[in-house]
Enquirer: 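Have a look at this one.
Chain naming here is simple, since letters A, B, ... match the order of the sequence lines and numbering starts at 1 in each.
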Amino acid sequence: MAKKAIVPKKVKMPEQPAEERIHNYQEVPYGYTPEQAMEEALRCLQCAKPTCMDGCPVNINIPGFLAQVADGDFQGAVETIKKTNALPAITGRVCPQEVQCEGVCVLHKKYEPVAIGRLERFVADWEAQQGKIKTPTLPPPSGKKVAVVGSGPAGLTAAADLAQMGHEVDIFEALHEPGGVLVYGIPEFRLPKAIVKREVDYVRSLGAKVHVDYVVGAVATLDELLETYDAILLGTGAGLPWFMGLPGENLGGVYSSNEYLTRVNLMKAYRFPEYDTPVSRGSRVLTIGGGNTAMDAARTALRLGAKESIIVYRRSRAEMPARAEEIHHAEEEGVKFHLLTTPIAFHGKDGRVTALECIRNELGEPDASGRRRPVPIEGSNFMIEADVMVIAIGQSPSPLIANTTPELETRKNGTVTTDAATMKTSKRGVFAAGDIITGGATVILAMGQAKIAAKAIDEYLKTGVW
Amino acid sequence: MYKILHKEVLSETVKLMVLDAPLVARKARAGQFVIVRMNETGERIPLTIADFDAAAGTITIIFQEVGKSTMQMGTLQEGDAFENVVGPLGHPTEIKNYGKVVMVAGGVGVAPIYPITRALKQAGNYVISVIGARNQTLLFWEDRMRAQSDELIVCTDDGSYGRKSLVTEPLKEILEKEKDVARVWAIGPAVMMKFASLTTQPYQTPTIVSLNTVMVDGTGMCGGCRVVMTEGAQFVCVDGPEFDGHKVDWDLLLARLSFFRAEEQRAIEHWKEHLCNLDAAFENGVKAGQHG
Ligand SMILES: Cc1cc2nc3c(=O)[nH]c(=O)nc-3n(C[C@H](O)[C@H](O)[C@H](O)COP(=O)(O)OP(=O)(O)OC[C@H]3O[C@@H](n4cnc5c(N)ncnc54)[C@H](O)[C@@H]3O)c2cc1C
Ligand SMILES: Cc1cc2nc3c(=O)[nH]c(=O)nc-3n(C[C@H](O)[C@H](O)[C@H](O)COP(=O)(O)OP(=O)(O)OC[C@H]3O[C@@H](n4cnc5c(N)ncnc54)[C@H](O)[C@@H]3O)c2cc1C
Ligand code: SF4
Ligand code: SF4
Ligand code: FES
């Protein structure tokens with residue numbers, strides 16, 4: 001390819017203005033038009049050693065699909081991406097691109113990187129607009145049955161791969177709707193549920209069956225499933241919300257982010273009373289934490305009508321683990337940040353929360369995570385008044401399955417131990433992928449592990465070797 | 001879909017339904033519960049498994065109409081279906097021969113206490129039961145409870161049937177009289193369980209309550225059901241629903257239960273309005289039909 005001039009900035013993606021979007025639940029960015037997509041794809045230098053690919057946990061052939069987009073060959077681009085990523089409409093929207101593919105794009109040293117995420121999203125949305133999505137021809141049935149537990153990104157990805165290898169797949173989901181965090185956690189304005197549904201339908205079209213209302217551990221144990229299934233993939237995520245153990249934490253109006261977001265997203269409390277599930281619509285909502293979950297809660301609060309939405313985070317902005325785009329969108333929408341601030345007590349009246357007592361921090365030495373540790377400044381206590389508070393400080397795997405499966409080895413924090421090359425757990429026939437082995441991580445990591453697991457399961461089903 | 005095979009009206013506000021739910025029935029044990037969702041717009045409502053038949057693949061639920069969801073559920077008929085039923089959830093009751101046990105049930109609490117009473121009786125316990133309701137029309141399953149109890153005391157708040165008293169009165173008398181009560185179960189409205197626990201406390205009789213906090217998922221995922229015990233917060237759906245009544249922070253529990261009151265009122269109003277509109281639409285439709 002001839003050397004070409006570098007275009008320093010990304011083609012802008014049109015989005016809903018902040019003043020407008022805080023009054024609705026529609027998606028914030030509108031996505032590229034075909035012309036904008038082709039223009040942006042042309043910015044790619046088609047590097048001989050594409051560093052971007054190293055940043056992608058599922059190793060998408062990025063320059064390959066970008067060249068196809070630049071040529072207007074969108075169908076070709078879909079096929080290139082789908083070789084390694086079954087859910088591009090989702091990852092294009094929710095991957096933390098700035099620390100993955102785009103973070104290591106060569107352009108990034110001096111300029112804005114190629115908008116890989118936006119283009120991935122464009123391609124996936126383009127495909128959906130074409131009508132019926134092509135299902136690949138399936139190999140003859142292998143005669144083997146696999147149970148996939150959990151229907152989040154890990155479960156869906158593994159189910160799709162296993163079905164395409166000819167195995168019979170049953171997905172068991174505890175909730176009444178498949179999708180995992182994609183349906184109960186991430187809000188509609190960031191990831192429309194119609195997209196998740198489309199992906200679930202795709203997995204179904206490959207022959208996988210989805211059984212909702214099925215809590216493994218309660219309805220059937222792993223051992224019982226192993227009587228009918230030749231292998232199991234655990235993709236049950238990290239659903240157990242952490243609390244802080246602070247005084248007043250159980251007052252009315254104090255939610256875990258899981259409860260707050262589940263009420264709003266899965267149960268559609270934002271459409272109450274048309275939908276029956278309520279959620280407290282505070283006038284001043286305070287969210288504790290600095291990850292994607294915290295941004296989602298704080299932005300949800302605005303859409304539910306809060307006059308003020310405030311984030312309290314104990315480190316500084318540079319340490320916030322949320323995607324850059326989410327922090328940026330939250331700021332645009334008017335979310336306020338109290339940084340270097342640690343909660344120490346919830347105060348309330350008549351059983352309802354009214355204020356959060358906090359202490360200010362300064363940054364000390366780096367801790368085990370490499371981030372500078374917050375050190376409290378003595379005597380700097382102060383109060384922030386609010387009528388709804390959301391605790392979004394993290395979560396770990398639920399002990400439900402481990403408790404009913406003695407041979408399943410787990411770590412102290414509840415995560416399941418696996419062999420990194422095969423995703424095998426300590427129990428014969430049982431594999432695991434996603435947040436259940438890492439604790440709260442990312443969609444694309446869960447998918448990457450699920451792909452490794454699916455391969456290893458296929459191998460195990462063929463050879464019987466554990 | 002989970003079909004309603006049988007419906008009974010136990011009292012004006014209490015309904016019984018037998019549901020086709022083979023996977024739940026297969027595993028159900030006394031003390032466990034399900035979460036039901038009526039339809040796409042419905043709430044997830046926790047209800048105790050009041051009875052189950054593994055062979056027939058059915059479970060029985062009994063609910064009191066207290067708000068929008070339970071009122072609307074009450075209008076469902078045999079042949080209708082719930083969109084979702086998930087369970088059995090929570091830990092089953094620890095059934096063994098304790099010796100002499102007292103079962104105290106208030107209002108709709110008779111439903112959850114019945115399968116526990118039956119299992120305890122089968123395990124060889126001497127069972128004394130006390131069941132109570134606000135008035136006679138709210139009382140149900142006296143016959144079933146009698147069949148599983150060695151002694152049964154029935155009371156109503158207003159004296160319209162049985163003894164005129166709250167359930168705590170006979171409970172106190174039993175504890176005074178019988179020195180060998182090994183364990184008490186108290187199930188019913190939160191206030192009743194609070195006072196039953198306070199009644200047994202001076203006698204140090206272990207007292208098990210089944211808590212009915214507000215829930216969303218019922219699988220340990222939201223923390224909305226949390227209750228504060230002397231040793232710290234617990235999730236009712238996965239750590240319970242049964243707890244040591246002497247260790248529960250009752251005042252906080254009662255405060256959390258009343259948290260959504262304003263929204264609940266709105267939900268009822270919205271639903272009634274909707275019903276009126278439906279009625280009107282139906283009438284208009286009929287009229288239009290007549291004219292056409
Ligand atoms: C609010 C929020 C925002 C996030 N934003 C982002 C983002 O922008 N980008 C990103 O990359 N990541 C994000 N994440 C993280 C990402 O969603 C997770 O890493 C990912 O969903 C993990 O996938 P999983 O398949 O392992 O588990 P999950 O998505 O958690 O799915 C697990 C599924 O298993 C089911 N299950 C659990 N126990 C059982 C059982 N016993 N029986 C049957 N089913 C069971 C659950 O109901 C659930 O449906 C976010 C997370 C949250 C909570
Ligand atoms: C484990 C468990 C088992 C239960 N078993 C039964 C049962 O067998 N039969 C039965 O009738 N009920 C049972 N309940 C209570 C039942 O779930 C509630 O009555 C129901 O959710 C109310 O829904 P609603 O929309 O009709 O009323 P709402 O509009 O939600 O509430 C109306 C009124 O009921 C109160 N309320 C709301 N939720 C609850 C609750 N969970 N418990 C008590 N009061 C509540 C509110 O404070 C309000 O005053 C159980 C609850 C739990 C947690
Ligand atoms: S899957 Fe995620 S990391 Fe990989 S190319 Fe797409 S956006 Fe980048
Ligand atoms: S590193 Fe950047 S410029 Fe190079 S191929 Fe990848 S996306 Fe294109
Ligand atoms: S109901 Fe959600 S954790 Fe218990």
Enquirer: Out of B/Ala233, B/Gly224, B/Ala255, B/Gly90, which one racks up the most heavy-atom pairs below 4.5 Å with chain A?
Expert: B/Gly224
Enquirer: Around A/Lys145, counting heavy atoms of other residues, nucleotides and ligands shown, do more than 12 lie under 6.0 Å from its NZ?
Expert: yes
Enquirer: Side chain, backbone, both or neither: which part of B/Gln32 has an atom under 4.5 Å from a heavy atom of chain A?
Expert: neither
Enquirer: Tell me whether A/Lys193 at atom NZ has more than 12 heavy atoms from other residues, nucleotides or ligands lying less than 6.0 Å away.
Expert: yes
Enquirer: What pair of heavy atoms forms the shortest contact from A/Pro278 to B/Glu43, and how long is it?
Expert: CD-OE2, 3.8 Å
Enquirer: Which heavy atom in A/Pro241 sits nearest to a heavy atom in B/Gly223, and how many Å separate them?
Expert: CG-N, 4.2 Å
Enquirer: Mind running side chain to side chain contact (heavy atoms under 4.5 Å, CB included) on B/Leu89 and A/Val215 for me, showing each step along the way?
Expert: CA-CA 9 Å; B/Leu89 302 171; A/Val215 185; 4.1 Å; yes
Enquirer: Nearest 0.5 Å please: distance from the CG atom of A/Asn258 over to the SG atom of B/Cys222.
Expert: 8.0 Å
Enquirer: Given a strict heavy-atom distance threshold of 4.5 Å, which part of B/Leu23 is in contact with chain A: side chain, backbone, both, or neither?
Expert: both
Enquirer: How many angstroms lie between CE in B/Met221 and OG in A/Ser256, if you round to the nearest 0.5 Å?
Expert: 8.5 Å
Enquirer: Between A/Arg352 and chain B, with a heavy-atom cut-off of 4.5 Å, which part of the residue counts as in contact: side chain, backbone, both or neither?
Expert: side chain
Enquirer: Report, as yes or no, whether the 6.0 Å neighbourhood of atom CD on B/Glu231 holds more than 12 heavy atoms from other residues, nucleotides or ligands.
Expert: yes
Enquirer: Find out whether A/Arg263 and B/Val216 are in side-chain contact, i.e. whether some heavy atom of one side chain is under 4.5 Å from a heavy atom of the other.
Expert: yes
Enquirer: Do A/His176 and B/Glu40 make a side-chain contact, defined as non-hydrogen atoms from C-beta onward lying under 4.5 Å apart?
Expert: no
Enquirer: For B/Pro88 and A/Ala218, which heavy atoms make the closest approach, and how far apart are they?
Expert: O-CB, 3.4 Å
Enquirer: Working to the nearest 0.5 Å, report the span between CG of A/Leu175 and CD1 of B/Ile35.
Expert: 9.5 Å
Enquirer: Checking heavy atoms, do the side chain of B/Val85, its backbone, both or neither come under 4.5 Å from chain A?
Expert: backbone
Enquirer: Measure distances from B/Arg26 to the heavy atoms of chain A and classify the residue's part below 4.5 Å as side chain, backbone, both or neither.
Expert: side chain
Enquirer: Is there a side-chain contact between A/Thr277 and B/Arg44, using heavy atoms and a 4.5 Å cut-off?
Expert: no
Enquirer: Just so I understand: if I count every heavy-atom pair under 4.5 Å between each of A/Val254, A/Asp350, A/Leu266, A/Leu261 and chain B, which residue has the most?
Expert: A/Val254
Enquirer: Tell me if the CD atom of A/Glu385 is crowded by more than 12 foreign heavy atoms within 6.0 Å.
Expert: no
Enquirer: I need the B/Asn39 CG to A/Tyr275 OH distance, nearest 0.5 Å.
Expert: 9.0 Å
Enquirer: Sub-3.5 Å donor-acceptor pair from the side chain of A/Asp213 to the main-chain atoms of B/Asn84, do we have one?
Expert: no
Enquirer: So which of A/Tyr260, A/Tyr184, A/Tyr214 has the largest heavy-atom pair count under 4.5 angstrom toward chain B?
Expert: A/Tyr184
Enquirer: Taking A/Ala269, A/Gly252, A/Ala174, A/Gly351 one by one, which has the highest count of heavy-atom pairs under 4.5 Å against chain B?
Expert: A/Gly252
Enquirer: Kindly check if the number of other-residue, nucleotide or ligand heavy atoms within 6.0 Å of CZ (A/Arg284) is above 12?
Expert: yes
Enquirer: Examine distances only and state if a side-chain atom of B/Arg256 and a backbone atom of A/Asn250 form a donor-acceptor pair shorter than 3.5 Å.
Expert: yes
Enquirer: Closest heavy-atom contact between B/Lys27 and A/Thr221?
Expert: NZ-CG2, 4.3 Å
Enquirer: Any heavy-atom pair between the side chains of B/Asp217 and A/Thr262 that's under 4.5 Å?
Expert: no
Enquirer: Does A/Ser398 use its side chain to pair, donor to acceptor, with the backbone of B/Gly220 at less than 3.5 Å?
Expert: no
